[in-house]
Amino acid sequence: METVRLGLERTVVGRRVTGVSVTGTRTVRRQSRFELRSRLTGRRIEAARRKGKFLALLLDDSQVLSIHLRMSGQLLHVTEPGKVAKAPHTHVIARLDDGSELRFVDPRTFGEWWVTADVRADGLPAVFDRLGPDPLNDGIPPKLLAARLAGHRSALKAALTDQRVVAGIGNLYADEICWRAAVRPDRRCDDLAPDELRRLSRSTMAVLKAAVEQRGSSLRDARYRDLMGNAGSYQARHEVYDRAGEPCSRCGEPVQKVRFGARTAYCCESCQH
DNA sequence: AGCATCACCTGGCTGC
DNA sequence: TGCAGCCAGGTGATGC
């Protein structure tokens, strides 16, 4: 999401929206399509912000266009719309005053666009308040991480991916963070030693920063691409995610895919404790 | 209140 | 080879 935000900053910030087409029936669901279109049309995009996995495009009249890609959403910036065919599952197109388009493609239709005026002093929508601190924006020092995990009896991975606890960590990055910290993802939050919390704090920052430097992770069966349609390259650095059976780079034992509630986690049961 | 599970979807992959 | 069915994962609703 940070890679997408950086792309938005380079391409659509400073542009004015000249028109909006909403063709999908699910992408805009917090308000009517008509309302989104009328709130957005004519507005200039002043800034591209992000909290966790939520994007916020700040508009010139203090409204905000919030976008969440969920599982399969993709934002594409098309500079010459006439030359680029509309991809299947294109649900929203925003036309901009330089002739370019911001297109939203989302096969599974979980993704969402909405425009609100209920913004806080920092310019972000009030609904973002329920999100925990964003490590890339605000850092996550050991004391803060410990405070965020305090009182939780659930498993570490469940808390790390709970956006109210910490914002921005998804399934694959949670696995990578736990591996790097050498802590099992199914450890209880209230059972972590100070040194383990320090390692988790450092690992969170290291994994997220490296992932952004590599412009994200593009998986076999997912469709993450940046605004230009380019794949990320962090998947080549994954130590455990989707690497079941391959030797752990730290201890050589095979990486495991373990059942974990209704989901799965990849980890090294030999060197994560 | 807090934790677990399910629903929402489609496409790619697995296994018969 | 064909195809039915499983699985992927983020969030919000529902259940316990």
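Note: hydrogens, waters and symmetry copies are ignored here, and every other heavy atom, side chains too, is used. A note on names: the letters A, B, ... follow the listed sequences, proteins ahead of strands, and every chain is numbered from 1.
Side-chain contact check for A:His77 and A:Ser100: at least one donor-acceptor pair (N or O, by modelled atom type) lies under 3.5 Å. Inspection of the A:Arg39 and A:Thr116 side chains reveals no N or O donor paired with an N or O acceptor under 3.5 Å. A donor atom on one side chain and an acceptor atom on the other are found under 3.5 Å apart for A:Gln214 and A:Ser233.
Between A:His152 and B:dG2 there is no side-chain N or O to OP1 or OP2 distance below 4.0 Å. Distances shorter than 4.0 Å separate some side-chain N or O of A:Arg130 from OP1 or OP2 on C:dG12. Listed pair A:Thr264 / C:dA8 meets the phosphate criterion, a side-chain N or O lying under 4.0 Å from OP1 or OP2. Considering only side-chain N and O atoms, A:Arg30 lies under 4.0 angstrom from the phosphate OP1 or OP2 of C:dG12. Taking side-chain N and O atoms only, A:Arg26 has a distance below 4.0 Å to OP1 or OP2 of B:dC9. Regarding contacts with the backbone of C:dA8, a side-chain N or O of A:Lys257 is found under 4.0 angstrom from either OP1 or OP2.
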Inset, instruction - Report the C-alpha separation of A:Asp134 and A:Arg50 in whole Å, then their side-chain angles, then the decisive distance to 0.1 Å, and conclude whether the salt bridge (Lys or Arg N to Asp or Glu O under 4.0 Å) test is met. - result: CA-CA 9 Å; A:Asp134 180 293; A:Arg50 178 192 60 77; 2.6 Å; yes
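Comparing the same atom, P, in C:dA4 and in B:dC8 gives a spacing of 22 Å after rounding to whole Å. Distance check on atom P: C:dC6 versus B:dC6 gives 14 Å, rounded to whole Å.
For A:Tyr241 and C:dA8, the OH to P distance is 8 Å, given to the nearest whole Å. When rounded to the nearest whole Å, the span between CD of A:Gln74 and P of C:dG10 equals 17 Å. Following rounding to the nearest Å, A:Arg148 (CZ) and B:dG2 (P) show an atom-to-atom distance of 12 Å. Whole-Å rounding puts the A:Leu149 CG to B:dG2 P distance at 14 Å. Residue A:Tyr266 contributes atom OH, which lies 10 Å from atom C1' of C:dC7 at whole-angstrom precision. A:Arg29 places its CZ atom 11 Å from the C1' atom of C:dG10, with the value rounded to the nearest Å. When rounded to the nearest whole Å, the span between CG of A:Leu55 and P of C:dG10 equals 15 Å. One interatomic measurement links the two molecules: CG of A:Leu172 to P of C:dG10, which rounds to 8 Å at whole-angstrom precision.
At most 12 non-hydrogen atoms from other residues, nucleotides or ligands lie less than 6.0 angstrom from CZ of A:Arg164.
In this structure, A:Gln163 reaches the sugar-phosphate backbone alone: every heavy-atom distance under 4.0 Å involves primed, P, OP1 or OP2 atoms, never a base.
At least one donor-acceptor pair under 3.5 Å links the side chain of A:Ser218 to the backbone N or O of A:Tyr224.
Stacking is found between A:Phe110 and the pyrimidine-like six-membered ring of the B:dC8 base under the 5.5 Å centre-distance and 30° plane-angle cut-offs.
Comparing B:dC9, B:dA4, C:dT11 against the side chain of A:Phe54 picks out C:dT11 as the nearest. Side-chain proximity of A:Pro107 to the nucleotides B:dG11, B:dC9, B:dC3 is greatest for B:dG11.
Projected onto DNA chain B by closest heavy-atom contact, A:Arg70 and A:His89 fall at different nucleotides, the more 5' of which corresponds to A:Arg70.
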